[in-house]
Trainee: 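If you scroll down you'll find the structure; I have some questions about it.
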Amino acid sequence: MKLPDAAFPSIEHIVAASAEGVRPPERLTVSEAAAKYHIVNNPGSHVGPFDLDKAPYLIEPMNEMTSLALEGIVFVGPARTGKSAMLVNWLCHTAICDPADMLVVHMTQSTARDWSQADLDKAVRNSPELKARMVPGRQNDNVHDKAFLSGMRLLIKWPSITELSGKTNPRQFLMDYDRMPDSIGGEGNAFDLTKKRGQTFKRRQMCVAESSPGRDVTNPKWVANTPHEAPPTTGILDLYNRGDRRRWHWRCRECEESFEPSFKLLTYPDSTDHLEAAEQVVMNCPHCGAIYQPEDQYELNLGGRWVKDGAIWLPDGSMVAKNGHTIRRSKIGSFWMKGPAASFTNWRDLVVKFLDASEAWEKNADEEALRTTINVDQGEPYTPKALEAGRLPEELASRAQHWGGTRAEPVVPEGVRFLVTTVDVQARSFVVQVHGIGEFNEVWLVDMFKIRKSDARRNDQGEREVLDPASYIEDWDTLIEQVIERSYPLGDESGRRMQVKLVGCDSGGKAGVTSMAYKFWRSLRDDEEGRQHHTRFQLVKGEAKPTTPRYRKTYPDSNRKDRHSGARGDVPVVFLNSDTLKDSVSGMLGRVEGEGGRVNFPIWYDEKGKQEDIGWLYMQLTAEVRTGKGWESPSGKRNEAFDLLYYAVGLCLDPRIALEHIDWSKPPTWAEVWDQNSLVFEGDAQPRFAPKPTKGNLDELGSLLA
């Protein structure tokens, strides 16, 4: 019966509506309800009842949502598989065929609101039977809470301990699980906390989680114990490993053996033209080598089957235990399919994205595009390059080169176009590292030293006091002459020198350091000599959050009572994603040859020709290892060199440099070859610290002062 949208106009309508609450369940599976009641209206793609033939791999996981033998469903798959449509299909079945309260958990409050107002409202609007079951009136149909005539409620929430506690719901659905925190309020993962809400319903409860992989592999040397075991990660694949581990298989038309369609089975020519390579992609059967074209995907999916861990799918259609294995059993039905089987993508796109991302890695040591396409497009977990490396200090030391100069007087090696200096603030010193940057992100470690004594403070004997950056603002002035205004001789013995392009300084550390760092930046800005040093001195801070960008500039404000930093919204601070940038740096350290982000190390000799021992440098560069929690120093070894190197790589993302966007055929003047470089000056001249705007150098001035 179709009810008015606004209200119940009469007692007869109220009685008719109440009858919905006692109507017996309609005996349909979730997939049958989807085909009958979920009406899709996507012009250009599909208009009409939900088409099960387009995504046949969804049928079994959807039907298992009503299983009394299972208490959870986990679905792992790439983007464009229709994973989110499973929720609407389950909602149609629940609201129309077998009413029960439902809880939907999104990544954040904003994504919960967006889904409710967009995808859900559209599905209700286009599906008349679903819309007819909703209670009319705004108070019963709002963004996060919807009521149905059967008495069922649909709650649309997000992963906070408040929202996941004290709410009893027999049916729960977690969307994009790997974009949620690993722990909710320190009390456990979202799946276990949510599932706990339905425990009182016993066999009638069901908790579903779906996501593409988003957590890195924690052990690259892992070896699977069973055919379908996933690599060790947190998140959705950890839940998958708890379950019965079903994988989507196709049947080869030639040899009749089954196989799992994955990216590694795609073959394409080796070509610098990525589009040309992708246009020739095919898939080979791993058993007989039979060739399949991208157009075969639809037919192969129609004949596909889910195979549990330990089982084998015989040509006659039966599932039996594989020799030496037992078919895995669990209270969680877990499903994992890979990118080539996703109905709403194609193999050519997969290849182009992978080749483009691989090229970005080779040129810039940037793993983010590679991680994204492997996770989201291929449906696989990503193993960080740093975790694969496992390098030793001796490996780095063996690649050191002598490009002239000594430890006491380093030189700028050939190939360097500009210098970036980074500073780590210690309790009693400043640790300084100078990096030469060249074409294609190549890096040279030009100089490393410590500043231990204050220029301004002296004891009763006239000796310089030990630095205390947390207590004395005058101690920071040592950075002006020894770091900001420092220059280095070129390695061509021409007598010319190169000044530093940009200095980055850590703004955290011992209590009091942040306040002093802000005061020092302000003193540079307000310098009476007008040297404009603040335009070349940037405060930085690392943050290890997976969702933050590599580079983010903010102006911190200290209105919050728990802050005592002295910030008032006028000092720019750059926040660098430490884990992401350390991934890039680790890749650069591992590159031995070829273009793209290689790090070069010096060999220095003393006056007697004896090689200087800088083994501490290589120890610090390899002190940290990549774990599931990010980069850590398990032994507590010193790691300043590694931190300062990732600061330098991060500062190259600064708009004043924008290294990844430099056209090396016509670089800015400060990145030119030495004979034309605006940062190079004659040894007896003075470096240019406050360029004046002229008609001829406005572009360069904007770059220097951005």
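Computed from heavy atoms alone, side chains included, the values below leave out hydrogens, waters and symmetry copies.
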Trainee: Return the CZ to CG distance between R197 and L103, rounded to the nearest 0.5 Å.
Mentor: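 R197 CZ to L103 CG: 10.0 Å, rounded to 0.5 Å.
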Trainee: If only side-chain N and O atoms count, and only distance matters, is there a donor-acceptor pair under 3.5 Å linking D377 with T373?
Mentor: yes
Trainee: Taking all non-hydrogen atoms of both residues, which atom of H46 and which atom of V40 are closest, and how far apart?
Mentor: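 Answer, listing the atom of H46 first, then V40: O-CG1, 3.6 Å.
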Trainee: Could you tell me which non-hydrogen atom of R371 sits nearest to which non-hydrogen atom of P384, and how far apart they are?
Mentor: NH2-CG, 4.1 Å
Trainee: Checking salt bridge (charged side-chain N to carboxylate O under 4.0 Å, His left out) between E71 and each of K202, R171, K195, K331, which is the one that passes?
Mentor: K195
Trainee: Could you work out, with salt bridge (charged side-chain N to carboxylate O under 4.0 Å, His left out) as the rule, every residue matching R329, not counting sequence neighbours?
Mentor: none
Trainee: Quick test of your reading of the model: are R204 and D98 salt-bridged, counting only N-O distances below 4.0 Å?
Mentor: yes
Trainee: Taking atom types as modelled, is there a side-chain donor on T548 or N577 under 3.5 Å from an acceptor on the other?
Mentor: yes
Trainee: Once the angle between the rings of H106 and W115 is folded into 0 to 90°, is it parallel (under 30°), tilted (30 to 60°) or perpendicular (over 60°)?
Mentor: tilted
Trainee: Tell me whether K83 is salt-bridged to D176, with the criterion being a basic N under 4.0 Å from an acidic carboxylate O.
Mentor: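 Judged by the 4.0 Å cut-off on N to carboxylate O distance, K83 and D176 do not form a salt bridge.
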Trainee: May I have the step-by-step check of salt bridge (Lys or Arg N to Asp or Glu O under 4.0 Å) for D141 and K146, ending in yes or no?
Mentor: CA-CA 5 Å; D141 183 7; K146 299 182 183 294; 2.6 Å; yes
Trainee: Test side-chain contact (heavy atoms from CB on, under 4.5 Å) on L576 and Y551; report intermediate values, then the result.
Mentor: CA-CA 5 Å; L576 301 174; Y551 174 100; 4.0 Å; yes
Trainee: Run through Y57, W306, W248 and flag the one making a ring pair (Phe, Tyr, Trp, His ring centres under 6.0 Å) with F335.
Mentor: W306
Trainee: Is there a salt bridge (Lys or Arg N to Asp or Glu O under 4.0 Å) between R550 and E368? Walk through the geometry before answering.
Mentor: CA-CA 10 Å; R550 291 180 295 167; E368 287 311 290; over 6 Å; no
Trainee: Nearest 0.5 Å, please: how far is CG in L193 from CD in E187?
Mentor: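 So the gap between those two atoms works out to 6.5 Å.
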Trainee: Are any of the side-chain nitrogens in K36 or E32 under 4.0 Å away from the carboxylate oxygens of its partner?
Mentor: no
Trainee: Taking the six-membered ring for Trp, are H228 and H249 parallel (under 30°), tilted (30 to 60°) or perpendicular (over 60°)?
Mentor: tilted
Trainee: Run the numbers on F575 and K553 for side-chain contact (heavy atoms from CB on, under 4.5 Å), then give the verdict.
Mentor: CA-CA 6 Å; F575 286 83; K553 181 179 284 189; over 6 Å; no
Trainee: Looking only at non-hydrogen atoms, find the nearest pair between A123 and V88 and report the distance.
Mentor: CB-CG1, 3.7 Å
Trainee: Side chain to side chain donor-acceptor pair (under 3.5 Å) with N346: which residues, sequence neighbours excluded?
Mentor: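 Residues passing side chain to side chain donor-acceptor pair (under 3.5 Å) with N346: D349.
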Trainee: Working to the nearest 0.5 Å, report the span between CG of N41 and CD1 of I39.
Mentor: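 So the gap between those two atoms works out to 10.0 Å.
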Trainee: Between the side chains of Y240 and R246, is a donor N or O closer than 3.5 angstrom to an acceptor N or O?
Mentor: no
Trainee: Given Y646, which partner from the list S584, S578, S586 fulfils the side-chain contact (heavy atoms from CB on, under 4.5 Å) test?
Mentor: S578
Trainee: Any side-chain donor paired with an acceptor under 3.5 Å for N169 and K157?
Mentor: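 No - no donor-acceptor pair under 3.5 Å links their side chains.
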Trainee: Just by distance, no angles: are the side chains of T162 and S160 close enough, under 3.5 Å, to form a donor-acceptor pair?
Mentor: no
Trainee: Cut-off 3.5 Å, side chains only: do S334 and R242 have a donor facing an acceptor?
Mentor: no
Trainee: Could you walk me through whether W90 and H38 pass the ring-ring contact (aromatic ring centres under 6.0 Å, His included) test, one step at a time?
Mentor: CA-CA 10 Å; W90 195 24; H38 182 188; over 10 Å; no
Trainee: Go through it in stages, so that I can follow the logic: the residues are R179 and S212, the test is side-chain hydrogen bond (donor to acceptor under 3.5 Å, both in side chains), and I'd like the CA-CA distance, side-chain angles, deciding distance and then a yes or no.
Mentor: CA-CA 9 Å; R179 279 78 204 170; S212 56; 3.0 Å; yes
Trainee: Working to the nearest 0.5 Å, report the span between CG of L91 and CE of M86.
Mentor: 14.0 Å
Trainee: Strictly by modelled atom types, are S258 and R305 linked by a side-chain donor-acceptor pair under 3.5 Å?
Mentor: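 The answer is no; no qualifying pair exists.
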Trainee: Tell me, do D216 and P381 make a side-chain contact under 4.5 Å, heavy atoms counted?
Mentor: no
Trainee: Return the NZ to CD1 distance between K353 and I374, rounded to the nearest 0.5 Å.
Mentor: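 Rounded to the nearest 0.5 Å, the NZ-CD1 separation comes out at 13.5 Å.
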Trainee: Which pair of heavy atoms, one from D309 and one from P227, lies closest together, and at what distance?
Mentor: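 Minimum heavy-atom separation between D309 and P227: OD1-CD, 3.4 Å.
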Trainee: Considering only heavy atoms from C-beta outward, does the side chain of L120 approach that of L154 to under 4.5 Å?
Mentor: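 In contact.
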Trainee: Compare every heavy atom of H93 with every heavy atom of L28, then report the nearest pair and how far apart it is.
Mentor: O-NE2, 2.8 Å
Trainee: Does this structure show an ion pair linking K582 with E624, if we count only N-O contacts that are shorter than 4.0 Å?
Mentor: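 Looking at E624 together with K582, the answer is yes, because their closest N to O distance falls below 4.0 Å.
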Trainee: Given the rule in the side-chain hydrogen bond (donor to acceptor under 3.5 Å, both in side chains) test, do N189 and D192 qualify, once you have shown the distances and angles that lead to the verdict?
Mentor: CA-CA 6 Å; N189 67 65; D192 290 333; 2.9 Å; yes
Trainee: Is any side-chain heavy atom of E229 less than 4.5 Å from a side-chain heavy atom of W222?
Mentor: yes
Trainee: Test side-chain hydrogen bond (donor to acceptor under 3.5 Å, both in side chains) on R133 and S150; report intermediate values, then the result.
Mentor: CA-CA 7 Å; R133 265 69 177 185; S150 62; over 6 Å; no
Trainee: Could R247 and E260 be called an ion pair, given the rule that one side-chain N must be under 4.0 Å from one carboxylate O?
Mentor: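 Yes, this pair counts.
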Trainee: Would you give the length of the straight line joining atom CD1 of I73 to atom CE of M206, rounded to the nearest 0.5 angstrom?
Mentor: 4.5 Å
Trainee: Show the atom names and distances, to 0.1 Å, of all donor-acceptor pairs under 3.5 Å that link a side chain in residues 48-56 to residues at least two apart or in another chain.
Mentor:
| from | atom 1 | to | atom 2 | distance (Å) |
| --- | --- | --- | --- | --- |
| D51 | OD1 | D53 | N | 3.0 |
| K54 | NZ | S45 | O | 3.1 |

Trainee: Between R552 and E543, does at least one N-O distance fall below 4.0 Å, as a salt bridge requires?
Mentor: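 Looking at R552 and E543, the cut-off is met.
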Trainee: Search all heavy atoms of M180 against all heavy atoms of R215 and return the closest pair with its distance.
Mentor: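 Smallest heavy-atom distance, with atoms named: O-NH2, 2.6 Å.
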